Structure formats: structure tokens, C-alpha cells
Amino acid sequence: QQFTAASSSTEINTSGMGKKAARDAQRKAAAVQREAEIEAEKSPFEGVNILKLLENGAWVGIGLLVLWEFYINSPFFDRALPLIPVVYDDVPPGM
């Protein structure tokens with residue numbers, strides 16, 4: 001594939017250059033422009049690793065659950081019912 005100055009929207013001042021240098025400069029300019037076009041067309045999710053995304057999501061979920069545990073066991077959480085005693089003063093009937 002050959003890029004020419006006519007097919008490229010990038011114009012380079014080739015005065016004072018030889019034919020070969022001017023042609024190389026035009027090719028380089030066209031390649032840089034094409035590279036920019038390819039970069040603009042890329043999907044933002046092209047380099048995303050799904051497994052890493054799932055792993056990070058799991059860690060965020062674990063962190064949120066730990067924070068929730070701290071919250072419900074803190075004085076800021078208002079319980080609807082009082083705590084159930086761990087040890088009874090009297091033995092429950094049937095024991």
C-alpha cells in the first residue's frame with residue numbers, strides 16, 4: 001500500500017528536499033495520520049481483562065461486606081429489638 005500526497009490530508013512542505021526524502025516524509029506523515037485514526041477508532045474496552053475485572057469486583061464486594069459488618073455492630077446502628085442474651089439466667093423449659 002502506497003500513500004501519496006494526494007490521498008493524504010496531511011500536506012508537508014517538500015521544497016528543498018529531494019524526491020526520495022519528500023516521498024519518505026509524505027509516507028511518514030500518512031502513517032502518523034493513519035495511526036491516529038486507528039487510535040481514535042479503538043474501543044475503550046479493547047484492553048480490558050474480564051477476569052481481572054471480576055476479581056476486582058469480588059474484592060470490592062468483600063470490602064463492602066466488611067464495612068457493613070462494622071456498621072451494624074457499631075453504636076450508629078439502631079437495633080429494632082434488644083440483643084438476645086447468650087447465657088440465660090434460668091434454664092429454658094424442656095432442658
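Because the structure is a prediction, the values reported are computed rather than measured.
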Q: List for me each residue that meets ring pair (Phe, Tyr, Trp, His ring centres under 6.0 Å) alongside Tyr71, sequence neighbours excluded, and say none if there are none.
A: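 With sequence neighbours excluded, Tyr71 shows a ring pair (Phe, Tyr, Trp, His ring centres under 6.0 Å) to Trp68, Phe77, given in chain and number order.
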Q: How many angstroms lie between atom CD1 of Ile38 and atom NZ of Lys42, to the nearest 0.5 angstrom?
A: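 So the CD1 of Ile38 and the NZ of Lys42 are separated by 8.5 Å.
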Q: Working to the nearest 0.5 angstrom, can you tell me the gap between Leu53 CG and Asn49 CG?
A: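 Nearest 0.5 Å value for the CG-CG distance: 8.5 Å.
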Q: Under the salt bridge (charged side-chain N to carboxylate O under 4.0 Å, His left out) definition, can you give me all pairs with a residue in residues 51-60, not counting sequence neighbours?
A: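 Only Lys52-Glu55 qualify under salt bridge (charged side-chain N to carboxylate O under 4.0 Å, His left out).
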Q: If you measure from CG on Asp78 to CD1 on Ile72, what distance do you get to the nearest 0.5 Å?
A: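 So the gap between those two atoms works out to 13.5 Å.
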